[in-house]
Every structure is written in C-alpha cells, then in structure tokens.
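Each remark here refers to the structure printed beneath this line.
Just follow the structure's listing: the first ligand is 1, and inside any ligand the first atom is 1.
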Amino acid sequence: MIEIKTIQEIEEMKPASRVVAEVLKDMKSFIRPGISTLDIDRRCEDIIRSFGAEPSSKNYGEPPFPGAVCVSVDDEVVHGIGRADHIIRDGMIVSVDVVAKLNGWHGDAARTYAVGAVKPEVLELIKVTEQCFWAGFEQARAGHRLGDISAAIQAVAVKHGYGIVRELTGHGIGREMHEDPEVLNYGHAGHGPRLQAGMVLAIEPMINLGTAAVEMLDDEWTIVTRDGKPSCHYENTVAITEAGPIALTIPDTDEGC
Ligand code: MG
C-alpha cells in the first residue's frame, strides 16, 4: 500500500532530507585522492549525528549493513561498504548514498562525484544519470502513473546507449526507509498506480556505462557491474504535491548538490 502523507507530514520530513543535503554538499570538497572509503563513511556519519539524526543504513538488513552510508567506487553500483584499504585515486568516481532519520522520518539521496581527471565518457555518464532523475521527477505529478516516471528515466538512458540496472529500484519513503511502491528505472508510460499528492518517492536512477548486468560481491552487499565498467547513481527524496513535485533533499536555500 502506498502511504499518503499530509501536507503537515511532508513538512515534518524536510529536516531529515536537509541533513542528507548537508552531507552530500560536504562530500563535494571532502572526497579527494588519498582518503579511504571508510574516511568517507565516518565523515558522513559525523555530519548526520551532528544534526541529532541517525544513519538509517547502519545495521540495516541481513547481514546487517556495517556502514553508516553506502560508498560505491567506479564499477560498484550501490551498497558499497567503506573500507580503510579502499583508497580514492585520481580519475575515480565515487557514489555516496545517504539516508538519515530525524524526528521519525527518513530522507534519502545519492550523488556520484568525479575525482580529478575522470574520462570524458564517464563524466558524460554522471551528467546523463542526473538528467535521468530530472526526467523522472518531471513526471512525478498527481494524476500521472508510476510508469510515467520509469519510462521517462529509461528514455534518457536508452538514448545514450547505457545499461539500466534492473535488480535495484527506487522506493516510497517516510517513517520507513523503504516503503511501497518500487520505483523502477524502466517501464511503460500510462501503466502502474496513479500518482497522488502526498506520495513521497525516492527516485534513483542507477545507470551503467556498459551493459545492465550486475552481480553481488561476497560481502553480500556491494553490487558491481558484471562487465567492470563504471556505474552512476543520482537520487533525491521527492514529495508529490498539488503544486507539483518537490525534491526534499534539495532545500530551497541551497544552490543544489
Ligand atoms: Mg538512497
């Protein structure tokens, strides 16, 4: 069942999303060659806790996720675990997926950061993955269908010949980190549940430079591309309102992440 939030509840969700936005903004300058993915995880956790929030991903699932956030490098798609021996080098891309819980509500967003001299084709992948999100965002309107979001994301990715990860999806979000519905990054316009004001969705295209195929590492969390080519992730928590979609994890007062 898709939870419908009141206008008041959407207001109550904003502080958690604002914490997530602050973390991702900090990452723009923090991520640099020489630091480890564990340094990134710890920095994110410190910022989340400095706002009195909790990292929702910590101990989530089975086996319990050991990190505070997900840090996924190059061919790691999502759910990467920070490690002291995983050092960031010039030319890498780093995806950071942050979920924070504050006042009983979760906010969820992800960005992929380029470190130094990244190949133009990979920079293009980062740019287009963000474009995929905004294409989906534009369809997140009362009266539309869930499939309109999915189809819009797919259309942008397909135009560039990229692989769309199918095993992982966006999701509803609120008092739980993962609520109904699943928000697929591929699908058919005009299909699926009708969207209503009060739905809050984490829309999160995960797009591969190569094929769509992914696999899980032995740590039972990290998802990597099967062909070893890079993958990008861009996500925001989006509230559907009568006035249109609002990206809660991009606060008005911020210039955007
Ligand atoms: Mg996320």
Side-chain angles (χ1 to χ4, degrees), residues 3 13-28 31 37 40-41 43-45 47-48 51 53-61 64-73 76-82 93-102 105-113 126 129-130 132-134 136-137 140 149-150 153 164-185 199-208 214 216 221-224 231-239 245-251 256-257:
E3 292 262 344
M13 288 186 72
K14 287 181 177 176
S17 284
R18 187 173 291 271
V19 170
V20 171
E22 289 293 332
V23 174
L24 293 174
K25 191 164 112 182
D26 180 80
M27 287 296 111
K28 282 194 274 191
I31 294 176
T37 56
I40 292 170
D41 186 85
R43 172 81 167 196
C44 291
E45 179 166 5
I47 298 170
I48 290 168
F51 287 98
E54 289 170 29
S56 310
S57 302
K58 197 150 205 167
N59 295 319
Y60 178 84
F65 187 79
V69 300
C70 299
V71 186
S72 308
V73 177
E76 296 174 348
V77 180
V78 287
H79 301 170
I81 300 167
I93 59 169
V94 184
S95 299
V96 182
D97 188 354
V98 178
V99 193
K101 186 181 186 186
L102 185 60
W105 297 98
H106 297 269
D108 187 356
R111 300 286 183 272
T112 299
Y113 303 88
I126 293 174
T129 303
E130 179 174 347
C132 287
F133 166 83
W134 288 110
F137 175 88
I149 296 175
S150 305
I153 292 169
I164 300 169
V165 177
R166 292 182 175 245
E167 287 82 350
L168 299 141
T169 70
H171 49 89
I173 182 167
R175 292 199 179 276
E176 302 295 331
M177 173 161 64
H178 294 133
E179 298 182 357
D180 288 339
E182 288 191 332
V183 183
L184 277 60
N185 292 314
M199 291 180 178
V200 182
L201 307 174
I203 301 175
E204 49 176 323
M206 290 159 264
I207 308 295
N208 298 345
V214 296
M216 186 185 284
W221 276 108
T222 311
I223 305 292
V224 297
S231 181
C232 285
H233 190 195
Y234 187 96
E235 174 183 27
N236 286 298
T237 296
V238 177
I246 302 171
L248 300 181
T249 38
I250 305 179
C257 288

Name all residues meeting the salt bridge (charged side-chain N to carboxylate O under 4.0 Å, His left out) criterion together with Glu54; count only those two or more places apart in sequence or in a different chain, and write none if there are none.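 By the salt bridge (charged side-chain N to carboxylate O under 4.0 Å, His left out) rule, Glu54 matches no residue at all.
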
Non-neighbouring partners of His79 that pass side-chain hydrogen bond (donor to acceptor under 3.5 Å, both in side chains), sequence neighbours left out: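 Residues passing side-chain hydrogen bond (donor to acceptor under 3.5 Å, both in side chains) with His79: none at all.
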
Atoms named by residue and atom, protein N, O or S, within reach of the Mg ion (ligand 1) (under 2.8 Å):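 Correct list: Asp97 OD1, Asp97 OD2, Asp108 OD1, Glu235 OE1.
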
Name the residue from Val96, Asp97, Ile126 that meets the side-chain contact (heavy atoms from CB on, under 4.5 Å) definition with Thr112.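 It is Ile126; the other options fail the test.
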
Under-4.0 Å salt bridge between Glu45 and Lys58: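 Answer for the salt bridge query: yes.
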
Atom of Ser95, atom of Ser231 and distance for their closest heavy-atom approach: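 Taking Ser95 first and Ser231 second, the nearest heavy atoms are OG-O, 4.2 Å.
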
For Ser56, give me all partners under side-chain contact (heavy atoms from CB on, under 4.5 Å), at least two apart in sequence or on another chain.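 Result, side-chain contact (heavy atoms from CB on, under 4.5 Å) vs Ser56: Val99, Lys101, His106, Met177.
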
